[in-house]
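The chains referred to below are lettered A, B, ... by the order of the sequence lines, with proteins before strands, and numbering in each begins at 1.
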2 protein chains.
Amino acid sequence: MNGKTDLRVLRTRQSIRMAFYELIEEKGYEAITIQDIADRAMINRNTFYLHHQNKPDLLDTCMDELLSELKNAVVLCPFNMSPFHISTLETVMQTVLEHISRNTTFYYAMLIEENRIYQFRAKMENIIKDKLNEGWILAQGNSPLALSKELLLEYLVSSFMGIVMWWIKNDLPLPAGEAASQFSRIVAYGHLKAAGIAVGE
Amino acid sequence: MNGKTDLRVLRTRQSIRMAFYELIEEKGYEAITIQDIADRAMINRNTFYLHHQNKPDLLDTCMDELLSELKNAVVLCPFNMSPFHISTLETVMQTVLEHISRNTTFYYAMLIEENRIYQFRAKMENIIKDKLNEGWILAQGNSPLALSKELLLEYLVSSFMGIVMWWIKNDLPLPAGEAASQFSRIVAYGHLKAAGIAVGE
DNA sequence: TAAATAATGAACATAATGTTGTTTATTTAT
DNA sequence: ATAAATAAACAACATTATGTTCATTATTTA
């Protein structure tokens with residue numbers, strides 16, 4: 001009795017995931033049946049149930065697996081202080097976009113397609129939120145704010161994800177660095193100034 | 001043969017919708033079966049199929065019905081120029097929040113709950129987007145921008161919806177006017193300035 | 001090579017969908 | 001007021017997917 005897992009188990013699990021990814025791209029999550037997965041993975045339908053409770057359970061496992069890669073990349077982003085947030089946001093955004101550009105089809109299926117998985121967006125948002133929150137604590141200490149911290153954080157994450165989704169939906173129309181820089185400029189200075197429009201007080 | 005609809009039809013349709021709304025709040029959209037709806041509406045399951053193709057079709061009808069009310073409210077918001085966008089955003093936000101506060105349970109079920117309906121958010125975003133786009137055209141003409149107009153619009157809508165969802169999720173923690181004002185300040189001047197933190201160039 | 005265990009295959013119970021055809025009840029138009 | 005039109009009810013059916021059970025076969029590990 002060793003720590004190793006039976007080779008058959010590893011093989012089966014991998015087949016299931018590959019099949020699942022392919023099918024998501026082909027027909028969307030909702031339309032997939034367990035039988036579809038079994039057929040594609042070339043296993044018995046029963047075997048599926050030896051590894052996953054049901055379809056949502058499989059989805060969860062897969063999302064976590066893929067997002068842990070994103071999370072690792074984001075966690076490594078340095079916090080550049082003074083004024084920390086602007087460059088940090090830019091770095092994190094660029095990191096995320098670059099990661100996505102390496103897995104476009106999957107992210108497209110999860111975030112953009114008709115049959116997209118909204119939980120996936122929620123999980124991504126949490127990764128971003130954790131990172132920003134961490135930076136916030138580091139840089140901010142506990143000086144009072146003119147507005148709700150929760151509101152501010154929600155604002156940052158929402159706009160962040162909005163740009164990310166826009167970027168994917170439009171087929172990566174700008175270089176990752178350029179999109180990241182436009183985003184951080186808007187967030188830091190306001191949309192009018194960032195757009196080059198004079199702001200009357 | 002008149003323009004009027006048979007009273008039985010009107011009665012049935014109304015029962016179906018009421019039943020549907022109740023069930024969404026009780027168990028979430030996905031868990032609802034046609035039989036559930038029929039039972040609650042006290043009609044035969046067959047009768048359901050006389051009025052709707054299937055569950056998604058019913059959902060669509062209901063969302064459109066409810067969002068048209070929101071749309072009407074938003075469309076009526078005036079565009080205050082100079083600098084138009086800031087106060088317009090604030091007005092639209094306040095209008096939306098006030099509308100939501102009159103239908104909290106439904107919006108909560110559609111936007112926040114575990115079994116929320118992501119299409120609903122997308123439809124709301126389109127309403128906001130249309131409004132902002134209209135204002136943009138009015139105020140902006142065709143002077144060149146320092147950043148992509150599409151990106152800017154996506155940014156505005158995403159942050160807008162983020163605040164809206166935050167507000168609902170946290171049980172309407174601020175007066176609608178206050179939340180609207182904080183939002184417009186962030187968007188107009190940037191998050192650091194809005195938060196009261198000095199921005200070093 | 002024996003023991004452990006993963007995968008298969010077949011069967012079954014359950015639940016939901018969507019359709020068809022007939023009958024009953026209600027509504028509208030004359 | 002009544003006949004014609006039609007909505008709703010009722011019952012039956014085919015189809016599809018889910019999740020479980022159990023005996024058998026094959027593979028892997030120790």
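With K169(A) contributing its side chain and L111(A) its backbone, the two residues share no donor-acceptor pair below 3.5 Å. Between the side chain of N126(B) and the backbone N or O of K123(B) there is no donor-acceptor pair closer than 3.5 Å. Within the 3.5 Å criterion, the main-chain N or O of S181(A) finds a donor-acceptor partner in the side chain of S184(A). Side-chain atoms of N133(A) do not come within 3.5 Å of backbone N or O of K129(A) as any donor-acceptor pair.
Going from atom CG of L58(B) over to atom C1' of dT17(C) covers 15 Å, rounded to whole Å. A straight line from OH of Y49(A) to P of dT20(D) spans 8 Å, rounded to a whole angstrom. Atom CZ of F48(B) and atom P of dA7(D) are 17 Å apart (whole Å). Between L50(A) atom CG and dG19(D) atom P there is a gap of 14 Å when expressed in whole angstrom units. Rounded to whole angstrom, the span from the CG atom of N44(B) across to the P atom of dT6(D) amounts to 21 Å. Distance D39(A) CG to dT18(D) P: 12 Å, rounded to the nearest Å. At whole-Å resolution of the value, CD1 in I16(A) and P in dA6(C) are 13 Å apart.
Closest approach to the N54(A) side chain among dT8(C), dG19(D), dC10(D) is made by dG19(D) (side chain taken as heavy atoms from C-beta onward). Nearest nucleotide to the side chain of T33(A), out of dA7(C), dT17(C), dT18(D): dT18(D).
Where Q53(B) and M42(A) meet DNA chain C, the nucleotide closest to each residue was compared, and M42(A) sits on the side nearer the 5' end. Between I32(B) and L10(A), it is L10(A) whose nearest contact on DNA chain C lies nearer the 5' terminus.
At a cut-off of 3.5 angstrom, counting only N and O atoms as typed in the model, there is no donor on one side facing an acceptor on the other between the side-chain of R45(A) and the base of dG9(C).
Using a 4.0 Å cut-off, no side-chain N or O of T12(B) falls inside it from OP1 or OP2 of dA7(D). In terms of phosphate contacts, T47(B) brings a side-chain nitrogen or oxygen within less than 4.0 Å of OP1 or OP2 of dA9(D). Applying the 4.0 Å criterion to OP1 and OP2 of dA7(C), one finds that H51(A) has a side-chain N or O inside that range.
Nucleotide dA30(D): paired with dT1(C) (Watson-Crick or G-U wobble, both distances less than 3.5 Å).
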(Q) I'd like to know whether L151(A) forms a side chain to side chain contact (heavy atoms under 4.5 Å, CB included) with I186(B), so could you lay out the CA-CA distance, the side-chain angles of the two residues, the decisive distance to 0.1 Å, and finally the verdict. (A) CA-CA 10 Å; L151(A) 183 145; I186(B) 297 181; 3.6 Å; yes

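Ring geometry for F183(A) against F160(A) counts as perpendicular: the plane angle is over 60°, on a 0 to 90° scale with 30° as the lower cut.
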Q: At under 4.0 Å between heavy atoms, which parts of nucleotides 21-27 of chain C does protein reach? Answer with one letter per nucleotide, 5' to 3': B base, S sugar-phosphate only, - none.
A: B---BBS

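Interatomic distance, M63(A) CE to L70(A) CG, rounded to the nearest 0.5 Å: 13.5 Å.
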